[in-house]
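Notes follow once the structure below has been shown.
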Amino acid sequence: MKNIVVLDANTVNPGDLSWEKLQQLGQMTLYPRTAPNEVVDRCLQADIILTNKVVISADIMTRLPKLKYIGVLATGYNVVDVAEARRKGIVVTNIPAYSTMSVAQMTFSHILNLVNRVGHYAKENQSGRWSRNDDFCYWDEPVHELAGLTLGIVGLGSIGSKVAEIALAFGMEVFALTSKDPTSLPVGIQKTTLEGLLAVSDILTLHCPLNPQTAGMICKENIDKMKQGAFIINTGRGPLVVEQDVADALKSGKLGGYGADVLSTEPPAADNPLLSAPRTFITPHIAWATVEARTRLIDIATANVQAFLNGSPINVIQA
């Protein structure tokens, strides 16, 4: 029977879901959290490691001679030195496309919050403002229809494509920065350059990978090319934006609002400039964390381990 170690079970399943199917595949040990200096001791007898955010470096692999499989409990796999794993014959898998619907839904939660100012008015009413109002309604910040607005999408993978589909249903104009051939795009999506996207977007939403080309792409220079009062949504990766530049643009009014589910460091430092910026709404990296998405994640992780044990691994990451 194989030894299975889950290093940070709480990030995926804090207790509201079941690990039962995975437990049937081996002798499983669940750790709610694992500090970097605890990884080796906890995994010395492990044939199989499952990790969400705990880093499995080349040095750690060298110190775990029994290790044959690393299952990343996420789509992104930057926490594993995949090249070193391949050299050592260790199989690495991930969980593809499990959260597409959930992240697209969170993207529009932020968009709708910004265009309808839901958070602003709810907070005002909690302080008694509506009760004190002379008229049956009030507004001190504009609310907008999505129909007719232009949505710019950076990255047209599974999530970006689903966001585009929803946007079209709202009657929005949709432009995208994508490597895909324009002739292959669904009807209604127009391919453009980054400069073109910045110029036309009433709302810009980020769905691209984080790499040297995209890191810090939303900076002062590029924000200055955007429409006055445009909104930015980031459910991708925190470092896609230069946070101080975004905060400054919000304070000056260049940006009309910012909605994000990710920050450059998580959990963030208390002095992160976005936490105190005006018209800014930050959720704690939970776009992926719906019950339905996490259930799919555990089911796919279990299928990945089962396929590996059967000798025909699936969802394998190549270096």
Side-chain angles (χ1 to χ4, degrees), residues 2-57 60-61 63-64 67 69-82 85 90 92-103 105-106 109 159 210 235-239 260-270 272 275 282-306 308 315 317:
K2 299 295 184 183
N3 285 315
I4 303 171
V5 174
V6 183
L7 288 171
D8 47 356
N10 266 29
T11 58
V12 172
N13 177 14
D16 58 335
L17 302 177
S18 173
W19 294 103
E20 182 179 358
K21 292 179 182 178
L22 186 60
Q23 287 171 322
Q24 294 173 1
L25 300 181
Q27 184 66 43
M28 191 169 83
T29 305
L30 290 172
Y31 294 103
R33 300 173 187 83
T34 297
N37 62 353
E38 296 175 321
V39 175
V40 172
D41 286 344
R42 290 182 172 185
C43 296
L44 275 175
Q45 301 304 314
D47 304 287
I48 293 170
I49 290 174
L50 298 183
T51 177
N52 182 263
K53 296 298 183 187
V54 177
V55 174
I56 309 298
S57 64
I60 286 174
M61 292 180 215
R63 296 160 68 187
L64 300 176
L67 184 61
Y69 174 94
I70 302 169
V72 181
L73 298 172
T75 302
Y77 48 87
N78 58 303
V79 296
V80 177
D81 188 332
V82 177
I90 299 171
V92 182
T93 67
N94 72 336
I95 315 290
Y98 73 95
S99 63
T100 298
M101 292 301 298
S102 295
V103 178
Q105 178 176 302
M106 179 63 85
S109 295
I159 295 171
L210 177 63
T235 56
R237 290 290 183 267
D261 188 55
V262 289
L263 291 173
S264 59
T265 301
E266 297 171 350
N272 184 300
L275 296 179
I282 309 292
T283 47
H285 205 143
I286 55 170
W288 66 280
T290 61
V291 171
E292 294 79 8
R294 290 185 295 113
T295 298
R296 282 192 294 271
L297 186 155
I298 292 174
D299 286 345
I300 296 170
T302 302
N304 284 350
V305 172
Q306 181 68 76
F308 168 74
N315 295 321
I317 302 303

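On a predicted model such as this, the values are computed, not experimentally measured, just so you know. We're numbering straight along the sequence, starting at 1.
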Could you work out, with side-chain contact (heavy atoms from CB on, under 4.5 Å) as the rule, every residue matching [X], not counting sequence neighbours?
{"X": "Gln24", "result": "Glu20"}
{"X": "Asn3", "result": "Gln27, Gln45, Asp47, Lys66"}
{"X": "Thr75", "result": "Asn94, Tyr98"}

Discussion item. Under the rule for ring-ring contact (aromatic ring centres under 6.0 Å, His included), what residues qualify as partners of Tyr77, not counting sequence neighbours?
Written reply: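 With sequence neighbours excluded, Tyr77 shows a ring-ring contact (aromatic ring centres under 6.0 Å, His included) to no residue whatsoever.
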Worksheet item: How would you list, by chain and number, every residue that makes a ring-ring contact (aromatic ring centres under 6.0 Å, His included) with Tyr31, sequence neighbours excluded?
Response: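 Expected list: none.
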Gap separating the [atom1] atom of [X] from the [atom2] atom of [Y], nearest 0.5 angstrom:
{"X": "Ser57", "Y": "Arg63", "atom1": "OG", "atom2": "CZ", "result": "8.0 Å"}
{"X": "Ile56", "Y": "Cys43", "atom1": "CD1", "atom2": "SG", "result": "6.0 Å"}
{"X": "Leu297", "Y": "Leu73", "atom1": "CG", "atom2": "CG", "result": "5.5 Å"}
{"X": "Gln23", "Y": "Thr29", "atom1": "CD", "atom2": "OG1", "result": "10.0 Å"}
{"X": "Asn272", "Y": "Glu266", "atom1": "CG", "atom2": "CD", "result": "10.0 Å"}
{"X": "Leu67", "Y": "Met61", "atom1": "CG", "atom2": "CE", "result": "7.5 Å"}

Tell me every residue that passes side chain to side chain donor-acceptor pair (under 3.5 Å) with [X], counting only those two or more places apart in sequence or in another chain.
{"X": "Ser264", "value": "Glu243"}
{"X": "Asn315", "value": "Asn304"}
{"X": "Thr283", "value": "His110, Asp261"}
{"X": "Thr51", "value": "none"}

Worksheet item: Among Ile70, Val40, Ile90, which residue meets the side-chain contact (heavy atoms from CB on, under 4.5 Å) test with Leu64?
Response: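 The option that passes is Val40.
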Worksheet item: Can you list every pair that meets salt bridge (charged side-chain N to carboxylate O under 4.0 Å, His left out) and has a residue in residues 23-40, with sequence neighbours left out?
Response: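 Every pair satisfying salt bridge (charged side-chain N to carboxylate O under 4.0 Å, His left out) with a residue in residues 23-40: Glu38-Arg42.
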Fill in: Residue pairs, two or more places apart or on separate chains, that pass salt bridge (charged side-chain N to carboxylate O under 4.0 Å, His left out) and touch residues 287-299
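Counting only pairs at least two positions apart or across chains, the salt bridge (charged side-chain N to carboxylate O under 4.0 Å, His left out) contacts touching residues 287-299 are Asp16-Arg294.
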Would a 4.5 Å heavy-atom cut-off, applied to side chains only, mark [X] and [Y] as touching?
{"X": "Val12", "Y": "Ile298", "value": "yes"}
{"X": "Leu50", "Y": "Leu22", "value": "yes"}
{"X": "Leu263", "Y": "Leu275", "value": "yes"}
{"X": "Asn13", "Y": "Leu30", "value": "no"}

Identify all side-chain donor-acceptor contacts of residues 4-11 below 3.5 Å with residues at least two apart in sequence or on another chain.
from, atom 1, to, atom 2, distance (Å)
Asp8, OD1, Asn52, N, 2.9
Asp8, OD2, Asn52, N, 3.3
Asp8, OD2, Lys53, N, 2.7
Asp8, OD2, Val54, N, 3.3
Thr11, OG1, Asp8, O, 2.8

Fill in: Whether Thr290 side chain and Ala293 backbone form a donor-acceptor pair below 3.5 Å
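Between the backbone of Ala293 and the side chain of Thr290 there is a qualifying donor-acceptor contact (under 3.5 Å).
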Worksheet item: Minimum heavy-atom separation for Arg237 to Gly76, with atom names?
Response: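 Arg237 and Gly76 have their closest heavy atoms at NH2-CA, 4.4 Å.
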